[in-house]
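Presented below is the structure to which this report refers.
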Amino acid sequence: MKFEVIILGSSSATPIYNRNPTAQVLNINEHLYMVDCGEGSQQQMMRFDIKASRIDCIFISHLHGDHYLGLVGLLSSLHLNGRKKPMNLFGPAPLIEIIEMQLKYSETTLQYPLVFKATNADRPEQIFENNDFTVETIPLLHRIACTGFIFRGKKRTRKLVKERIDELEVPVAYFSAIKAGRDYTAPDGTVYANDSLTIPPPEPKSYAYCSDTIYSAHYFEQIKGATVLYHEATFMNDMLERAKDTYHTTALQAADVAVKTGAERLLIGHFSARYKTLNDLLDEACTVFPDTELAIEGKTFIIDE
């Protein structure tokens with residue numbers, strides 16, 4: 001299953017030094033899903049050849065401007081470009097009021113349905129599901145109500161061993177049942193065990209997106225074992241007190257989260273504008289968790305393929 005994340009923005013409160021505020025797009029089996037939508041996200045999508053018209057779900061973590069101020073512009077552009085299919089929007093309850101107020105005073109009526117589901121920052125909830133994956137909210141601790149999101153791929157059916165299937169001349173009509181784990185009974189009555197005809201599927205992959213939060217163990221269990229963990233790393237650890245005061249995390253702490261939750265890989269982002277270059281943040285995180293990468297804008301990170 002194709003499962004990847006493209007970084008559109010990796011800055012924190014302000015766009016600076018060629019870094020835009022937070023925005024990401026997930027490509028899951030050629031369907032696009034947006035996570036946060038800071039200023040300039042439309043320009044970033046054009047820059048990196050991502051078609052906004054293909055996005056059918058947008059997930060907003062919280063109502064600090066660097067995570068959603070690009071949203072109304074994006075919704076308006078989709079309207080102007082003739083969109084008709086629904087857009088599913090997930091975020092804090094007041095978000096829909098903000099959007100409706102902007103549309104009201106610009107005398108705009110969207111020509112497509114906007115389907116809104118309010119998130120709850122008090123407890124984890126599954127908010128989306130299709131044939132490929134589920135999405136759960138991750139309650140985080142920030143200055144205002146805030147959730148992360150975890151995208152979990154679904155377990156796939158077993159894979160047929162083509163050579164064995166061909167050798168036994170198994171009819172196509174039996175394939176679905178065999179993939180689901182059933183044995184095969186040949187016309188002569190011989191029973192062939194399922195594990196002689198199939199191999200197990202790979203374990204499902206997951207992507208945990210932890211936006212703005214102070215370091216806290218309360219969400220560790222939910223994100224345990226993530227294939228790829230994205231975690232904010234606004235400051236370096238010499239600014240730990242500043243991180244605590246603003247309910248943010250340091251690069252060192254983000255790496256510690258990855259260690260304690262057993263993540264396979266770590267992406268760090270949401271960098272303070274005080275950092276003109278990012279190598280020091282990366283180096284700091286790598287002292288604790290070597291498999292760390294910077295969430296560089298325009299870069300695609302493969303979760304599954």
Side-chain angles (χ1 to χ4, degrees), residues 6-16 18-26 31-122 125 127-128 135 137 139-140 142-149 209 211-213 232 234 246-248 269-270 273 297:
I6 305 104
I7 308 299
L8 301 182
S10 62
S11 187
S12 55
T14 58
I16 198 165
N18 298 316
R19 298 197 302 266
N20 279 36
T22 301
Q24 302 182 1
V25 171
L26 287 167
H31 295 277
L32 302 186
Y33 307 86
M34 191 169 196
V35 183
D36 280 339
C37 186
E39 294 175 77
S41 292
Q42 292 188 77
Q43 290 286 348
Q44 292 292 80
M45 282 188 274
M46 288 187 282
R47 179 183 176 192
F48 301 127
D49 197 26
I50 297 169
K51 296 188 182 302
S53 60
R54 293 178 55 200
I55 297 170
D56 291 330
C57 294
I58 301 174
F59 302 86
I60 301 296
S61 62
H62 66 295
L63 295 182
H64 280 156
D66 53 317
H67 292 260
Y68 84 95
L69 284 181
L71 179 61
V72 171
L74 173 60
L75 297 177
S76 178
S77 291
L78 292 171
H79 158 76
L80 293 172
N81 289 332
R83 184 186 180 98
K84 299 298 182 184
K85 62 180 178 176
M87 174 65 78
N88 298 291
L89 176 63
F90 306 82
L95 178 59
I96 192 63
E97 179 183 352
I98 293 169
I99 293 169
E100 289 175 347
M101 180 181 68
Q102 298 245 9
L103 296 176
K104 174 182 176 181
Y105 288 106
S106 67
E107 298 185 6
T108 300
T109 301
L110 296 180
Q111 297 303 302
Y112 60 89
L114 184 61
V115 183
F116 179 71
K117 178 176 175 57
T119 53
N120 186 331
D122 296 327
E125 292 181 319
I127 57 172
F128 183 83
V135 183
T137 53
L140 300 171
H142 193 42
R143 292 193 297 109
I144 61 174
C146 182
T147 69
F149 304 99
Y209 173 84
S211 59
D212 297 16
T213 183
E232 72 125 296
T234 308
T246 56
Y247 283 76
H248 283 299
H270 198 263
E297 296 179 11

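We're numbering straight along the sequence, starting at 1.
- Side-chain contact annotation: His67 with Asp212, donor-acceptor N/O pair under 3.5 Å present.
- Annotation: side chain of Tyr68 is in contact with side chain of Ile98 (closest heavy-atom distance under 4.5 Å).
- In this view, Arg143 satisfies the salt bridge (Lys or Arg N to Asp or Glu O under 4.0 Å) rule with no residue, not counting sequence neighbours.
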Legend entry - Test log, rule side-chain contact (heavy atoms from CB on, under 4.5 Å), inputs Asn20 and Glu297: CA-CA 8 Å; Asn20 279 36; Glu297 296 179 11; 3.9 Å; yes
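- Residues Val35 and Leu26 meet the side-chain proximity criterion, which asks for heavy atoms closer than 4.5 Å.
- The heavy-atom pair separating Pro21 from Pro15 by the smallest distance is CD-CB, 3.6 Å.
- Closest approach of Leu95 and Gly91 over heavy atoms only: CD2-CA, 4.3 Å.
- In this structure Ser106 satisfies the side-chain hydrogen bond (donor to acceptor under 3.5 Å, both in side chains) test together with Thr108, sequence neighbours excluded.
- The local environment of CD in Glu125 is crowded, with over 12 non-hydrogen atoms from other residues, nucleotides or ligands closer than 6.0 Å.
- Minimum interatomic distance between Ser41 and Ala23 (heavy atoms only, all atoms of both residues): OG-CB, 3.3 Å.
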Enumerate donor-acceptor pairs with a distance under 3.5 Å from any side-chain N or O in residues 70-79 to protein atoms, sequence neighbours excluded.
| unit_1 | atom_1 | unit_2 | atom_2 | d |
| --- | --- | --- | --- | --- |
| Ser77 | OG | Gln42 | OE1 | 2.6 |
| Ser77 | OG | Gly73 | O | 3.1 |
| His79 | ND1 | Gln111 | N | 3.1 |

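- Side-chain atoms of Pro139 and Asp122, non-hydrogen and from C-beta on, never get closer than 4.5 Å to each other.
- In the model, Ser61 has a side-chain atom that pairs as donor or acceptor with a side-chain atom of Asp36 under 3.5 Å.
- Between Leu89 and Ile60, the closest side-chain pair of non-hydrogen atoms falls below 4.5 Å.
- Atom OH of Tyr209 and atom CZ of Phe149 lie 8.0 Å apart (nearest 0.5 Å).
- Atom OG in Ser211 sits 9.5 Å away from atom NE2 in His248 (nearest 0.5 Å).
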Inset, instruction - Take Tyr247 and Thr213 through the side-chain contact (heavy atoms from CB on, under 4.5 Å) test and state the conclusion after the steps. - result: CA-CA 6 Å; Tyr247 283 76; Thr213 183; over 6 Å; no
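- More than 12 heavy atoms of other residues, nucleotides or ligands shown are found within 6.0 angstrom of NZ on Lys85.
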Inset, instruction - Take Ile50 and Ile6 through the side-chain contact (heavy atoms from CB on, under 4.5 Å) test and state the conclusion after the steps. - result: CA-CA 9 Å; Ile50 297 169; Ile6 305 104; 3.8 Å; yes
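- Ser12 and His270 share no donor-acceptor pair across their side chains, judged by distance under 3.5 Å alone.
- For the atom pair CG of Leu8 and CE of Met34, the computed distance is 5.5 Å after rounding to the nearest 0.5 Å.
- Listed here is the closest heavy atom pair of Leu63 and Pro94: CD1-CB, 3.8 Å.
- Here the side chains of Phe59 and Ile127 are in contact, with some heavy-atom distance below 4.5 Å.
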Inset, instruction - For Ile58 and Asn88, run side-chain contact (heavy atoms from CB on, under 4.5 Å): C-alpha distance rounded to whole Å, both residues' side-chain angles, the deciding distance at 0.1 Å, then the answer. - result: CA-CA 6 Å; Ile58 301 174; Asn88 298 291; over 6 Å; no
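- Between the OH atom in Tyr33 and the CZ atom in Arg54 there is a gap of 10.5 Å [rounded to 0.5 Å].
- Using a 30° and 60° split on the angle between ring planes, His142 and His62 fall in the perpendicular class, above 60°.
- Interatomic distance, Ile96 CD1 to Met101 CE, rounded to the nearest 0.5 Å: 12.0 Å.
- The CD atom of Glu97 lies 10.5 Å from the CZ atom of Phe116; values are rounded to the nearest 0.5 Å.
- Pairing each heavy atom of Met87 with each of Tyr112, the nearest pair is CB-CE1, 3.8 Å.
- Without hydrogens or angle criteria, Arg19 side chain to Thr22 main chain gives no donor-acceptor distance under 3.5 Å.
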